Amino acid sequence: MERRLAAVLIADVVGYSRLSEIDEEGTRIRFHTDLHELFEPKIATHHGRLIKTMGDGILVEFHSVVDALRCAVKIQQQKAERNAALRPEQRMFFRIGVNLGDVIVEGEDIHGDGVNIAARLESLAQPGGICISGTAFDHTVHKAEVGFSSLGEQQLKNIADPVRVYRVLLDPSEAGKVVASRRPHRRAINLATLAALLIAAAAIVFAWQWPFVPQRPSVAVLPFVNLSSDAGQDYFTDGITDSLIADLTMLSDLDVIGRNSVFAYKGKPLVLADIGRDLGVRFVVEGSVQRIGDQIRVNAQLSDAASGDHLWANRFNRAAADVMAVQDELSRQIAEALGLKLTQSETERITHPPTANLEAYDYYLRAEQATRTGRRSRLLEALALFDKAEALDPGFAEAFAADAHATAYVWRSAYDDVLQSALARKRAYEKASRALALDSALSSPYAVLAVMQVVDRRYEQAVTSAQQAVSLGSADAEAHMALAYVQLFSGNHAEAGAAVDTALRHDPNLSAINRYTAGLVFYLQRDYTKAIDSFERARDGSPGNGDFVTPLAMAYVRAGRLDDARATVAEGLRFLAGRDSLAAWRISNAHFRNEQDLAFILDALREAGLPEWPFGFKGNEHERLHGEEIASTVMGKLLRGKTEPSGSPALMQIERDGKAVFRSTTQMVTGTVFVNGDMLCEQSENAFGQADCGPIYRPANSPAETSYAYVNSTKVFYFSPVK
């Protein structure tokens, strides 16, 4: 039985039976007209899924509760406009209820308390109105152009616990208002108390009929504070935070906010109520770590985010070698304080240390810290540190998994100066496979394999791997973003958007590369507002990284902000020293299954001013060589020259059978060369295995001692053939 968190919208016609008695056929026609002309377009626009119609009712599922509320608001507003043009007897009104909660999935249908609460909320709404639950309110307040009026806690039929209910204020003049519920009079309090006692008595008598379903707890583990005198111990403190997040994420009855979102609070003043509201969690874990020589001191506490009350606290004074045991106790004690009952497999998972070798664990934590910077120099350092951890403990599955993730990032980003593409690809596959051989329950290796498989154009296999990653890490935002990436390049835009929405629920502040992926998803869904927001967050999340600057230009173009787009391209080219080009985008994104998706990206970047070739190279078509001229000029020849813009010496040896090697001061690539039309193409394991093709010119102003210019996605090579 599959369960998931979902936003549920239920709508129902007010007085449908009465309307049918008056005009059965007309009522049915008006209902279906509203369904097809009003509900279905709005549901599609807001990324919802129509589950079914139930007589005169409609059940819809959304991945985002903000989208669900906005959809409900648009429906009621447009329905009010339609009604205004009709005679009173022709008017049809809907009540709508929206809830964010746990649902049970059976085939294409959903049910459970998440759906039941939405149905009860719908019955509380006024004709033409909307009621939402407290969980929905917490995630949507100030995110829609409406106001809210609190109806307080309501005891809903067949729902064990009282539910906070809010009425949505649709009048534009009330947008942004949050009106508190009125304090009941003493007589009303007495009646309510009496009613509560009667309900409690009835619940005791009929407990066997109504099983108790507790509200699913949610928690954010804030970055532990490094109290050591050495600021260099941050990696160790962050590692304890990361391990605690990972352990708690494995618990099926707990929602845990992802790393990127909580680490946004590192080093900042903490206001628990604000954190709880911003991240949508009820509980917060705080702590500190002090490492002195071979000893560690860990303090931790669990608090209610709204009230600030401490629910649990403990201090651990241990030898540093016992750090894994401390993490185990932390996870178990927090789970107990939250009232969770762990399954046997969850208990075994938490109590099983990733490694018994402290030195290996230390290298692993250092490598993880270096990886998260995203900087090329630190990535090279990270791979070396992973090697040391794995050599010390060849059974350290998490180290191999993290190594695969870092290496795949290097490969995906084409950081050939960190590790050549062919070597990075081979290493990532090997490390991911090794991690799964050691621990088949890890989700991240499947996510790595999924991304690499889709780049290799093995689309169905990639989707399967990504779905396996999500199955094993249902609360892991990285797994959901891997699925989003795979679905995006496979051409499944709706599925990609759903995966992004799920990832954002678990980690509202995604990493830069995941924000970039989300931006592409929104861009291809033509939601340029969200695309711009995601691309801007990617850029801001990795300052100085030109790879996350240029993408913003495509969204600016589609939003009509051409000046901003051109300025953005210019900024990206400065950061990347002129290496960016349409040719580079074309080859690094050649794994789009739908060619029109890539064309939609390239057309916008071209309009934004991104040059066709790196370093702004422009050839004169009158000086361009044709296919036969290219073959006679380069095949079987040694080409000697220099690369631009540095002017560094370079050689390219091409045998008659096409075997070739290119060498410069920074690069050596082996492969094959062939002529395709009027292009010279290099085929190697670099460039994701794609043929990198470009023209050859015989420019009149060629640099000294060179006669020709060859350009492709990575280089401008001025040369002369040596016979």
Side-chain angles (χ1 to χ4, degrees), residues 219-251 256-259 262-263 265-268 270 283-303 310-338 342 347-373 378 381-382 385-386 388-393 395-399 401-402:
V219 65
V221 181
L222 300 180
F224 279 33
V225 179
N226 174 23
L227 296 183
S228 306
S229 57
D230 179 10
Q233 291 296 318
D234 267 5
Y235 78 92
F236 187 81
T237 302
D238 290 350
I240 289 179
T241 308
D242 291 332
S243 295
L244 181 54
I245 293 172
D247 282 349
L248 295 178
T249 298
M250 290 186 292
L251 306 183
V256 184
I257 295 297
R259 183 189 195 277
V262 294
F263 268 78
Y265 294 95
K266 184 174 181 178
K268 296 180 180 178
L270 303 179
F283 303 106
V284 172
V285 176
E286 303 170 87
S288 63
V289 179
Q290 187 174 21
R291 190 176 186 182
I292 306 173
D294 293 332
Q295 298 293 312
I296 59 169
R297 174 179 294 170
V298 179
N299 292 309
Q301 63 186 26
L302 174 70
S303 304
H310 296 329
L311 308 178
W312 166 90
N314 206 346
R315 173 180 294 178
F316 304 86
N317 293 297
R318 304 284 179 83
D322 293 332
V323 62
M324 267 74 79
V326 170
Q327 291 173 179
D328 165 27
E329 292 183 44
L330 268 175
S331 302
R332 286 191 295 105
Q333 291 182 22
I334 290 171
E336 290 173 4
L338 290 170
L342 307 187
T347 301
E348 291 174 354
R349 190 82 185 164
I350 287 179
T351 56
H352 177 69
T355 178
N357 189 310
L358 180 61
E359 188 178 3
Y361 187 66
D362 197 82
Y363 281 130
Y364 162 76
L365 294 181
R366 292 177 186 271
E368 282 282 78
Q369 184 193 47
T371 298
R372 289 192 177 100
T373 66
R378 297 300 307 279
E381 174 191 347
L385 290 167
F386 281 129
K388 291 180 179 180
E390 294 154 8
L392 287 167
D393 183 358
F396 193 172
E398 281 85 348

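In this text, all values refer to a predicted model and were calculated from it rather than measured experimentally.
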Requested in this report: For this output row, return yes or no: ring centroids of Tyr363 and Phe386 closer than 6.0 angstrom.
Outcome: no

Report summary line: Rounding to 0.5 Å, atoms CD1 (Ile240) and CD1 (Ile296) come to a distance of 5.0 Å

Query - Listed partners of Phe283 passing ring-ring contact (aromatic ring centres under 6.0 Å, His included), at least two apart - result: none

Query raised in the report: Side chains of Asn314 and Gln333: is there a donor and an acceptor less than 3.5 Å apart?
Result: yes

Requested in this report: With the side chain counted from C-beta on, respond yes when Phe224 and Asp238 share a heavy-atom pair under 4.5 Å apart, and no when they do not.
Outcome: no

Query raised in the report: Are Arg378 and Glu381 ion-paired here, with the side-chain N under 4.0 Å from a carboxylate O?
Result: yes

Report task. Check step by step if salt bridge (Lys or Arg N to Asp or Glu O under 4.0 Å) holds for Arg366 and Asp234. Result -> CA-CA 9 Å; Arg366 292 177 186 271; Asp234 267 5; over 6 Å; no

Report task. Identify the heavy atoms of Pro354 and Asp393 that sit nearest to each other, and give their distance. Result -> O-OD2, 4.5 Å

Query raised in the report: Do Phe263 and Leu222 touch side chain to side chain, with heavy atoms closer than 4.5 Å?
Result: no

Requested in this report: Would you check if Leu338 and Leu302 make a side-chain contact, meaning some heavy-atom pair closer than 4.5 Å?
Outcome: yes

Query raised in the report: Closest heavy-atom contact between Glu390 and Ala399?
Result: OE2-O, 3.5 Å

Query raised in the report: Within a strict 4.5 Å, meaning less than it, do heavy atoms of the Arg259 and Asp242 side chains meet?
Result: yes

Query raised in the report: Quick check: are there more than 12 heavy atoms from other residues, nucleotides or ligands sitting under 6.0 Å from CG of Asp294?
Result: no

Query raised in the report: Under the side-chain contact (heavy atoms from CB on, under 4.5 Å) criterion, do Val289 and Val225 qualify, and how do the steps go?
Result: CA-CA 6 Å; Val289 179; Val225 179; over 6 Å; no

Query raised in the report: Going through the distances and angles, do Asn357 and Phe396 end up as a side-chain contact (heavy atoms from CB on, under 4.5 Å)?
Result: CA-CA 9 Å; Asn357 189 310; Phe396 193 172; over 6 Å; no

Report summary line: Hits for side-chain contact (heavy atoms from CB on, under 4.5 Å) against Thr249, two or more places apart or cross-chain, chain-then-number order -> Ile245, Val256, Ala475

Query raised in the report: Are Gln369 and Leu365 close enough that some pair of their side-chain heavy atoms sits under 4.5 Å apart?
Result: no

